[in-house]
A.B. asks: 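To start, I am sharing the structure in question, which I have written as structure tokens.
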Amino acid sequence: MLLRMSTLFLRTLREDPADAEVPSHKLLVRAGLVRRAAPGIYSWLPLGKIVLENVAQVVREEMNRMGAQEVLFPALLPRESYEATGRWTEYGDTLFRLKDRKGADYLLGPTHEEMFTLMVKGEYGSYKDYPVILYQIQTKYRDEARPRAGILRGREFIMKDSYSFDLDDEGLKHSYELHREAYIKTFDRLGLDYKIVFATSGAMGGSASEEFLAPCPTGEDTFVQCTSCDYAANTEAVVLAAPTPAATSKEVPDVKVLDTPQTPTIETLVAYMNEHHGLSITAADTLKNVVLKTRKPGEDWELLVVGVPGDREVDLDRLEGQLEPIEVDQADPEDLAKHPGLVRGYIGPQGRAGTADGGHLAELGIRYLVDPLVTPGSAWVTGANEQDRHAAYVVRGRDFEPDGEIGAVNVREGDRCGRCGSTLTISRGIEIGHIFQLGRKYADAFSLDALGPDARPVRITMGSYGIGVSRAVAVIAEQSHDERGLVWPREIAPADVHIVGTGKDNQIEVALDLAARLEARGLRVLVDDRAGVSPGVKFNDAELLGVPTALVVGRGLAQGVVELRDRKAGTKDEIPLAEAVDRVIAACAS
RNA sequence: CGGGGUGUGGCGCAGCUUGGCAGCGCGUCUGCUUUGGGAGCAGAAGGCCGCAGGUUCAAAUCCUGUCACCCCGACCA
């Protein structure tokens with residue numbers, strides 16, 4: 001490959017585009033790789049297209065290596081199959097919908113579980129056919145409420161999605177592991193810095209799930225990492241260590257109901273308790289009972305109360321992640337109004353004085369869950385289920401018994417690791433890959449069975465795996481740049497070597513000659529042969545474009561010397577012209 | 001959906017308060033000079049000032065409406 005800057009369809013920009021905030025967006029536009037076509041929709045120019053293909057090729061090679069087979073589905077899909085799984089409605093406004101001339105409904109595919117499942121069902125029938133892994137690299141459409149950050153989160157983007165089909169759970173586990181390994185190889189080759197974190201399965205349904213996150217301050221995902229073991233998880237999926245069990249209930253006095261006028265919030269309650277009732281408590285000693293509502297698909301909303309320490313907020317995303325596919329939402333005032341027994345701001349789980357079993361919420365028939373931070377035996381200050389009154393010394397296991405535990409609190413820096421008990425730190429990241437074991441949701445929807453050796457049907461179990469290909473380009477740019485421009489990893493770079501002919505005498509001629517010889521040796525060459533362009537402009541463009549190796553044919557040429565530069569290290573070496581070809585090849589091989 | 005902001009040559013922006021020939025930098029074109037860190041001189045092309053209506057002798061500027069885009073949040077792979 002030989003690209004000449006004199007004819008290359010490329011215009012670099014001296015200034016950052018006004019609508020760009022994040023580094024990758026600014027740089028990809030300035031370097032002339034992409035241009036915005038509409039909100040969240042981008043066109044790829046020649047250099048950008050090359051980089052994008054390079055990333056896709058790495059993904060493709062690693063998928064093929066592990067035995068997956070490439071296919072290609074249309075992006076324009078009929079409504080029916082999405083109707084069968086309920087996703088025509090479940091996906092909501094995020095789905096791009098359109099009608100054909102006859103008025104029939106179509107959609108632009110946001111992901112392709114349905115189509116893959118149907119294709120396998122159409123072709124395969126015997127247990128002898130399985131397992132199989134299929135994938136495609138294709139354009140996806142999601143009408144995001146707010147696309148942002150350029151290529152990082154678009155409405156049209158390129159994704160590699162693959163799907164595994166196995167006869168049993170063991171097989172699924174194996175397919176999952178194959179993907180995990182392939183993803184590790186892929187992201188290593190892409191030169192990405194990433195973490196593998198436990199995740200929830202999101203809208204896809206299913207069980208085991210991990211995300212590949214590229215740590216990045218502008219990322220949209222928040223995840224925790226343990227400071228001592230290798231535990232890492234999305235905050236939606238995190239498991240925290242429970243605090244050491246509190247003192248046994250026998251040492252705690254009986255429940256005491258106290259007047260606490262005008263204390264509907266935790267702050268006012270703590271202040272009042274300490275001032276008027278001689279207690280010495282903090283928000284963490286209070287038990288906050290948050291009224292939520294849940295809904296199973298196709299059913300009515302049901303109230304749910306969740307108890308968390310008063311210094312914590314309830315993280316709805318985290319709850320939803322664990323309850324999937326059940327929806328969770330904050331209860332409205334109208335919802336509360338239907339239960340007069342729920343006194344807003346003064347809700348407590350304990351039963352009437354002296355009754356250990358049941359408790360107030362059980363009497364109302366409302367499900368009550370607590371965060372594991374509310375340990376058995378722990379004592380709390382909480383609502384007394386009467387306006388302006390609270391109860392102290394309310395002990396879990398003595399005065400109330402929740403229906404179960406669920407990780408509900410918002411995770412904080414310094415919370416403890418559920419695996420080893422050490423401190424957790426919180427970081428931001430961008431999701432570049434996601435693997436999960438779908439199970440039989442889609443196989444059930446389409447009755448995807450294989451005939452077993454005993455002539456009985458076996459329901460197939462599936463896995464679903466994605467890599468954001470176009471997003472990966474942006475993430476690489478995000479992680480690999482400096483104040484002068486992009487710094488591409490070699491395998492992804494638009495070229496192996498960027499030859500700059502500075503323009504005087506025969507410098508451009510020699511540059512072109514070197515370019516031809518390097519191309520003949522199998523290198524991908526970009527040569528700046530523009531006449532009448534000053535050296536400063538060419539150097540700046542070379543640094544902006546970020547090709548890993550540069551060869552400058554300039555003022556040293558008269559003495560038979562050219563300059564070899566390394567973009568990443570920033571080094572410059574004067575080398576004899578006669579050695580230039582071999583030295584460049586050596587540099588590109590390292 | 002809530003909050004904030006912006007729409008003016010290809011790109012980045014000023015002008016708007018206080019109405020009076022549409023400007024600046026970069027880029028582009030022509031000529032000459034220049035060629036190791038975003039060159040110089042001379043000349044040139046290029047804009048329905050987002051759109052619609054209104055006020056006025058006169059609107060980029062004031063008023064009304066509308067559309068679009070960007071940012072934060074909500075939401076969402």
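Below, chains carry the letters A, B, ... as their sequence lines are ordered, and counting in each starts from 1. Keep in mind the model is a prediction, meaning the values are calculated, not measured.
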A.B. asks: Starting at the 5' end of RNA chain B, write a dot or bracket for each base, bracketing those in Watson-Crick or G-U wobble pairs whose two distances are under 3.5 Å and using | for partners on another strand.
C.D. replies: (((((((..((((......[..)))).((((((.....)))))).....(((((..]....))))))))))))....
A.B. asks: Want to settle it: does A20(A) or D221(A) sit nearer the 5' end of RNA chain B, counting the closest nucleotide to each?
C.D. replies: A20(A)
A.B. asks: What is the distance, to the nearest angstrom, from the CZ atom on R146(A) to the P atom on G4(B)?
C.D. replies: 15 Å
A.B. asks: Rounding to the closest angstrom, what is the interatomic distance between G38(B) and C51(B) at atom P?
C.D. replies: 39 Å
A.B. asks: Can you work out whether A18(A) or L213(A) has the more 5'-proximal nearest nucleotide on RNA chain B?
C.D. replies: A18(A)
A.B. asks: For RNA chain B, which residues in residues 73-81 of chain A have a heavy atom at a distance below 4.0 Å?
C.D. replies: none
A.B. asks: Within the 3.5 Å criterion, strictly below it, is a donor on H179(A) or S164(A) matched to an acceptor on the partner's side chain?
C.D. replies: no
A.B. asks: Taking CD from E144(A) and P from A74(B), how many angstroms apart are they, rounded to a whole number?
C.D. replies: 14 Å
A.B. asks: E220(A) CD to A74(B) P: how many Å, rounded?
C.D. replies: 11 Å
A.B. asks: Within the structure provided, determine whether L2(A) and R4(A) are in side-chain contact (heavy-atom separation under 4.5 Å).
C.D. replies: yes
A.B. asks: Distances under 3.5 Å only, N/O to N/O: pair up the protein atoms with those of nucleotides 6-10 of chain B.
C.D. replies:
none

A.B. asks: Under 3.5 Å, is there a donor on one side chain and an acceptor on the other for D161(A) and Y163(A)?
C.D. replies: yes
A.B. asks: In a table with atom names and distances, give each donor-acceptor pair under 3.5 Å that connects a side chain of residues 13-22 of chain A to protein atoms at least two apart or in another chain.
C.D. replies:
none

A.B. asks: Looking at R148(A), I'd like to know whether one of its side-chain N or O atoms comes within less than 4.0 Å of OP1 or OP2 on C71(B).
C.D. replies: no
A.B. asks: Considering just the side-chain nitrogens and oxygens of R36(A), establish if one lies under 4.0 Å of OP1 or OP2 belonging to C70(B).
C.D. replies: yes
A.B. asks: Measure from CG on D19(A) to C1' on G5(B) and round the result to the nearest Å.
C.D. replies: 14 Å
A.B. asks: Once you round it to whole Å, what is the distance between P of G12(B) and NZ of K26(A)?
C.D. replies: 13 Å
A.B. asks: One character per nucleotide, please: for nucleotides 27-41 of chain B, 5' to 3', B when the base has a protein heavy atom closer than 4.0 Å, S when only the sugar-phosphate does, - otherwise.
C.D. replies: S-------BBBBS--
A.B. asks: Please report the distance, rounded to the nearest Å, between CZ in R428(A) and P in C72(B).
C.D. replies: 10 Å
A.B. asks: For G20(B) and U64(B), measure between their C1' atoms and round to the nearest Å.
C.D. replies: 24 Å
A.B. asks: List the atom pairs, donor and acceptor, that lie under 3.5 Å between side-chain atoms in residues 73-83 of chain A and the rest of the protein, sequence neighbours left out.
C.D. replies:
| residue | atom | partner | partner atom | Å |
| --- | --- | --- | --- | --- |
| R79(A) | NE | E83(A) | OE1 | 2.5 |
| R79(A) | NH1 | D105(A) | OD2 | 2.6 |
| R79(A) | NH2 | E83(A) | OE1 | 2.8 |
| Y82(A) | OH | T111(A) | O | 2.4 |

A.B. asks: Between C1' on C11(B) and CD on E15(A), what's the gap in Å once rounded to a whole number?
C.D. replies: 7 Å
